[in-house]
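Each chain gets a letter, A, B and so on, in the order the sequences are listed, and its residues count up from 1.
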Amino acid sequence: MKPVFLTALLAAGVAGLGTTPMRADTPKVGQPAPAFSAVDDHGTTRSLADYAGKFVVLEWHNQGCPYVQKHYNSGNMQRLQREWTAKGVVWLTIISSAPGTQGYVTPAQSQAYTNEEHASPTAVLLDPSGTVGHLYDARNTPQMFVIDPKGTLIYDGAIDNRPTPNPASLEGATNYVDLALGEALAGKPVTTPVTVPYGCTVKYGR
Amino acid sequence: MGLLPAATLVVLGAGSLAVAAGAAPTQTPRRTHARVTLLAEHTALDAAGRPTMLGLDFQMADGWHIYWRNPGASGTPPTVTWHGEGLTFGPIEWPVPTRIDTEGVTSYGYAHDVLLLVPVHRTGTGPAPTRAAIAGTVDYVTCSDVCVKETASVSLTQPVRAGAAARSAEAARFAETRTRLPKTAPAAWSASAVNGDNEFTLSVRTGRPEQAATFFPFQEGLIDEAAVERLEPQPHGLVLHLRKSPYFNHHPPASLDGVLVLADRQAYTIAARLGSSGPHDHHAQGERP
């Protein structure tokens, strides 16, 4: 499909500006979430399939990104992790920074950060190759995904409706993860299943 | 390399009776990646309230950029909180941005330098003061391969006088920047857009064949910024195919609003009424005499 499209573009003599990266098809809300396996910062391999029957949150993370820092320095992300994992939700923090880029951490550095920040995800997955990030077309940190117990993607987008690193913006913000999980756990459809993620780019490396 | 100490953040508009405010001498010096200066186009404010223009002059370190009003796929546009007794500040007037591509993600912004224009006028009642102090707190995100959140305090003091004031030493910067502001589209133009399955089809009738075009939407989450825009020149305008954003939420706006840049960097603000696909025939519209 895509190669044909590109060929047609070239044949048409396109006034192209910038580059057109070859992207994997974006995971679509309402469809099965892409299956993946990744090793966490304790060396345990975690697969999405391990969590069949549970709600799963994916949080794209980069500790050096000011937009991520807004949610960690304020305790907002830790609150989400604490509240939702207490209700049986699986929370996977995923770090797709390539070695040598901002946010890349060794397993030991990842564990230390989790302790310092009093974070309580179910696991922190290290994805330095960017494989899981590309599979989900994760664009920003933070970017949030929610998967339901049947493995269907039910949310993809921003953590809230305030696309700024300013901590004052947290007051009165609508948290889309709270919204989606609150509705889904109550058996209701998610009213805001897709939003525009904001933040830093994911540091996949060149 | 190219880093600027924060102590240089407060720079005064030449041509004004300038008094530094907000330069906290006790502040620990830190490195910043952009220097922000407040400039004024004229040497005085009009006591009767005729507007004049201020400018936030951003000078970025090599490799760093800031963001347009719609930042695209990452980042946040700068915001400013103004303080000035009896003064009213207008919204930022944004020059046409450039596309900034990083690892397959495209943002809209400015590298090197940019002057963001802000109109100001006196609305205070009662006798005009002889001088007006203007201060602003500028919050912005600047990125290279990493992003940094920075805050700059800018200020200047201007005399308040009756009548038109002389141009300041920086007036040429303002004039040059105005050439990069989008113009209002001529009344004779018409623009419409079709909300298709995978793309928006933007049709603009300008009265002449257009051989180059790029579109910067005001709203985030409508188009895939990284995608190639496919241009079909028309005898009397253009058709531009814009791939939809993967985050398009199926609640389309009433119109596709943004800046259309044509050949020779001529830029126009357009509002293209958005219809669903079906009866619209953009080819027919483009050919209409």
Side-chain angles (χ1 to χ4, degrees), chain A residues 1 5-6 8-10 12-23 25-29 62 64-70 97-98 100-103 130 134 137 139-141 143 156-158 162-169 192-206, chain B residues 67 70-79 98-107 139-151 198-199 210-215 219-222 224-233 238 240-241 243-251 261 263:
Chain A
M1 195 69 185
F5 177 62
L6 284 175
L9 286 188
L10 293 170
V14 165
L17 293 145
T19 56
T20 300
M22 297 299 287
R23 287 193 189 178
D25 279 342
T26 316
K28 295 207 169 43
V29 165
N62 166 358
C65 167
Y67 297 86
V68 173
Q69 290 169 352
K70 172 177 85 167
S97 296
T101 70
Q102 187 188 55
H134 287 303
D137 204 15
R139 185 181 85 174
N140 299 110
T141 54
Q143 183 169 347
D156 175 2
R162 302 285 171 84
T164 154
N166 183 354
S169 69
T192 308
V194 178
T195 62
V196 184
Y198 71 85
C200 305
T201 55
V202 176
K203 309 305 179 192
Y204 291 118
R206 288 169 220 291
Chain B
Y67 294 92
N70 167 7
S74 68
T76 302
T79 57
T98 56
R99 296 165 61 106
I100 296 164
D101 296 301
T102 324
E103 297 173 39
V105 168
T106 299
S107 301
D139 288 307
Y140 60 97
V141 173
T142 180
C143 301
S144 57
D145 52 344
V146 300
C147 296
V148 179
K149 168 185 177 296
E150 295 183 342
T151 300
N198 301 310
E199 64 176 28
E210 301 294 346
Q211 301 298 333
T214 190
F215 181 67
Q219 187 178 327
E220 292 173 61
L222 292 180
D224 182 348
E225 299 89 356
V228 166
E229 299 167 298
R230 186 161 59 89
L231 174 69
E232 287 180 59
L238 64 93
L240 197 57
H241 298 269
R243 193 194 299 169
K244 280 188 180 177
S245 166
Y247 306 105
F248 180 64
N249 64 9
H250 306 291
H251 297 293
V261 185

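- Of the listed residues B:Pro77, B:Gly75, B:Pro233, B:Ser245, the one with more heavy-atom pairs under 4.5 angstrom with chain A than any other is B:Gly75.
- Of the atoms belonging to A:Thr195, it is backbone heavy atoms, and not side-chain ones, that fall under 4.5 Å from chain B.
- With contacts defined as side-chain heavy-atom distances shorter than 4.5 Å, the pair A:Pro165/B:Val141 qualifies.
- Looking at A:Lys203, both its backbone and its side chain come within 4.5 Å of chain B, counting heavy atoms on both sides.
- Shown here are the side chain to side chain donor-acceptor pair (under 3.5 Å) partners of A:Gln102, two or more places apart in sequence or in another chain: A:Asn62.
- Considering only residues two or more places apart in sequence or on other chains, A:Asn140 meets the side chain to side chain donor-acceptor pair (under 3.5 Å) condition with none of them.
- Chain A forms the most heavy-atom pairs under 4.5 Å with one residue out of B:Pro71, B:Gly221, B:Ser74, and that residue is B:Ser74.
- Residue B:Tyr247 comes nearest to A:Val196 through the heavy atom pair CB-CA, 4.1 Å, listed as atom of the first residue, atom of the second, then distance.
- For the residue pair B:Lys149 and A:Pro167, the shortest heavy atom distance occurs at CE-CD, 3.9 Å.
- Residue contact with chain B, scored on non-hydrogen atoms closer than 4.5 Å, is absent for A:Val29.
- Contacts of B:Cys143 with chain A are absent, with no heavy-atom separation under 4.5 Å from either backbone or side chain.
- Residue contact with chain B, scored on non-hydrogen atoms closer than 4.5 Å, is absent for A:Tyr198.
- Taking OG1 of A:Thr164 as the start and CG of B:Asp139 as the end, the distance is 7.5 Å to the nearest 0.5 Å.
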